[in-house]
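One structure, pasted below without further comment.
FYI, side chains are in, hydrogens and waters are out, and symmetry mates aren't considered; it's all heavy atoms of this structure. Whatever order the structure lists ligands and atoms in, that order sets their numbers, starting from 1.
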Amino acid sequence: MTDPSVTAELLEKYGGPAPRYTSYPTALDWKDDVGPDDYPELLRSAGEREGPLSLYVHVPFCEKRCLFCGCNVKITRDREWGRKYVELLRREAETAGRNLGGREVHEIHWGGGTPTWLAPDELTALWDAVGSAFSVSPDVEAAVEVDPRVTSDEQLRLLAHLGFRRLSLGIQDFDPLVQATVQRVQSVEDTARTVAVARDAGFRSVNVDLMYGLPRQTRDGFQTTLDHVVALRPDRVALFGYAHVPWLKKHHRALDTAVAPTPAEKLVIFKDAVQAFTSAGWVFLGLDHFALTGDPLACALADGTLNRNFMGYTTRPGDDTIGLGVSAIGEVGGAYVQNARELTDWQDAVRDRGVAVVRGHRLNAEDRLRRDAVMRIMCHGRLRWADLDAAHGPDTASLLGPERAALASLAEDGLVHLNEDSVQVTGTGRVFLRQVAAVFDRYLRDRDGQDAFSRVI
Ligand code: SF4
C-alpha cells in the first residue's frame, strides 16, 4: 500500500521525470560505439554462456495511432508490409541463431505495435522462423501483445496452438470520453470477449495495461474502469502514467494536458488503483505493477527473487535477451544493443548484413554494481550493503559514497529508512521508487535534462 502522507511539497520535489529502469544504463545513454561489426562477436560470447535465453520480437504495425502512444510504430493498412517484414525477420533470426549456437530459448515475447496486425499465415511463418533459427525449449514461456480491436478469434486460437500461453492487452481507460479524446475506442464487451476466447483457447495468463494521467480522465471515471478490470480478473496489471513528450512524439501535441489530471489528482487515481487491486486479491509488486496472489511474479516478490528486464518485472534472473525487429533492444555477451529505429534503415541493414544493431553499451564493473543497486531498489525496495560487497567486491562503500550521502537527504524527506547496513524504501518512498533508484544512476547525474523520461507522478 502507498502511504497517504505524500504532501504537495514531496510531489513537487520528487514527482518529476525519472527513468523506469528496465535497463541500467537506460537506452538513452547507449552510444554508437557498439554496432553491427560487434554484434556477431557478442552473440558468440553469449552462446558460450550457460543458462536460459530470452527472445523479443518487435512487430511495429498498427492500423490507427492512439494519441497517447509512446511506442515505435508504423501506421498502415497495407498488408504487403507484413509479408516483407516477416521475411526479413527470418533472415535476422537466422543470422543471430547461427552466431549464437545452441543455447536454449526459454522465453519469447512478441510486442509492438500490434503483433496481431499480421495475418494468420504470417504469424505462423514468424513462429516457424524463430523455431528453426534458435533452439527453443519445449517448455518455452511465450507471451504476445494483442489489440482486442483488431484481433480475431482465429488469431487467438492460432497463437495458442503455436504455443503462446501469456497474453497482454491494452485497455488504458474504459471511460468513453477519455477513449474519444485519445482516439482509442474499445468497449468493455469486446475486451472481455477477447480475454474469454483467449482463456478458452489455452492462454493461462492475461496481463492488461492501464494508463492514468490521460486528458479528460477523472477519479470517478477511472474508478469505473477499475471495477471493470477487477471483474475481468487479469493475472497481471500494469498501470502506467501517461508520458507527455510532444518534442519526441509529435502526435502527443493533439492531447490537451490542460484537461488532464494534475499531479495531485493523478496521485489520488493511483492510490485508488492500489486500493482497488490490493483489496481484491492482487499484490502490489512495486512501481506500477500488480499480480494476483499465487502468480509467479507475486511469489517471486515474496521470496526475494523478483527481477526486472526490458519487458518489466520478471521471474527470470538476468537472462541474455536477443532483440529482433525494428528498434528492438537486447542484452548479449555483457552489452546492451539496439536495432535501427527507422523501418527502412532496419530493412536495409538486415537485407545487407543480416543484423541491424546500430548502438549499445558494454557494461563495465561499475555499471554492474550500479545496476545491481538500482534493480534491488526497483524490485525489492531495499538493499543491504553487504550484499553489494558480496557480489561486487569489498569497496562498494567507497564507490558509492556520494550516493549514500544523497540517500540521507531522501531519508530526511521520509522516502527511505537508512542505517549502517541497509536502505529500506518506505511507503511514501514507494510512490517515488524511480527517484530512489535514480540516486545510483551516474549517467543521469551527467545528463543535461531528463525530459525524455516520464513523470513519476
Ligand atoms: S495499438 Fe498500441 S502500439 Fe499501436 S498505436 Fe495504439 S498504443 Fe501504440
Side-chain angles (χ1 to χ4, degrees), residues 20 22 27 56-79 81-82 85 89 109-119 122-123 126 143-152 155-156 159 166-176 178-188 190-191 193-195 198 206-217 222 225 229 234 236-246 248-255 260 288 310-312 323-329 339 341-343 346 452 454:
R20 298 180 56 78
T22 52
Y56 173 77
V57 183
H58 189 76
V59 180
F61 307 110
C62 293
E63 289 192 358
K64 192 168 174 291
R65 194 184 305 280
C66 312
L67 291 180
F68 56 81
C69 183
C71 301
N72 188 13
V73 299
K74 163 88 179 163
I75 305 297
T76 180
R77 289 173 189 258
D78 178 357
R79 297 291 145 184
W81 279 104
Y85 193 74
L89 278 175
H109 188 107
W110 289 6
T114 307
T116 47
W117 184 95
L118 297 174
E122 291 161 350
L123 295 172
L126 179 52
V144 60
E145 297 172 12
V146 305
D147 179 346
R149 300 170 303 163
V150 301
T151 305
S152 68
Q155 285 173 309
L156 288 170
L159 289 164
R166 294 192 179 280
L167 188 83
S168 182
L169 55 93
I171 290 176
Q172 323 313 337
D173 192 335
F174 281 127
D175 185 327
V178 176
Q179 291 197 350
T181 304
V182 301
Q183 295 184 9
R184 182 191 173 105
V185 176
Q186 175 182 326
S187 70
V188 176
D190 284 350
T191 307
R193 188 169 183 289
T194 297
V195 171
V206 173
N207 171 85
V208 304
D209 291 345
L210 302 177
M211 189 168 278
Y212 69 108
L214 291 168
R216 303 280 175 204
Q217 207 164 44
F222 202 71
T225 294
V229 173
R236 298 174 182 178
V237 179
L239 173 65
F240 297 112
Y242 167 56
H244 189 67
V245 286
L248 295 176
K249 300 285 177 186
K250 289 191 173 50
H251 53 275
H252 285 186
R253 290 180 195 158
L255 290 178
D288 37 27
F310 299 124
M311 274 75 83
L324 299 174
V326 61
S327 75
I329 51 183
N339 277 349
R341 290 184 56 81
E342 294 297 327
L343 186 53
W346 175 83
S454 60

Crowding at CZ, Arg79 (>12 non-hydrogen neighbours, <6.0 Å): yes
Considering only protein heavy atoms, which is closest to atom 5 (S) of ligand 1, and at what distance to one decimal place? Cys66 N, 3.4 Å
Can you list the ligand 1 atoms lying under 4.0 Å from a non-hydrogen atom of Cys62? 1 (S), 3 (S), 4 (Fe), 5 (S)
Any pair counted as salt bridge (charged side-chain N to carboxylate O under 4.0 Å, His left out), so long as it reaches residues 65-77, sequence neighbours left out: Glu63-Arg77
Could I get the full list of salt bridge (charged side-chain N to carboxylate O under 4.0 Å, His left out) partners for Arg216, not counting sequence neighbours? none
Quick one, Leu167 and Leu156 - any side-chain contact, counting heavy atoms below 4.5 Å? yes
Under 4.0 Å, counting heavy atoms only: does Gly113 come that close to any atom of ligand 1? yes
For Ala143, does its backbone N or O pair with a side-chain atom of His109 as donor and acceptor, under 3.5 Å? no
If you count the atoms of ligand 1 from 1 in the order shown, which ones are under 4.0 Å from a heavy atom of Asp147? 1 (S)
Carboxylate-amine/guanidinium proximity below 4.0 Å for Asp147 and Arg184: yes
Under a 4.0 angstrom heavy-atom cut-off, which atoms of ligand 1 come close to Phe68? 7 (S)
What class does the angle between the rings of Tyr85 and Phe61 fall in, given that below 30° is parallel, 30 to 60° is tilted and above 60° is perpendicular? perpendicular
Contacting atoms of ligand 1, where contact means under 4.0 angstrom from a heavy atom of Val73: 3 (S)
Sub-4.0 Å heavy-atom approach of Lys64 to ligand 1: yes
Shortest protein contact, atom 8 (Fe) of ligand 1 (heavy atom only): Cys69 SG, 2.3 Å
Measuring from the heavy atoms of Arg184, does anything fall under 4.0 Å of ligand 1? yes
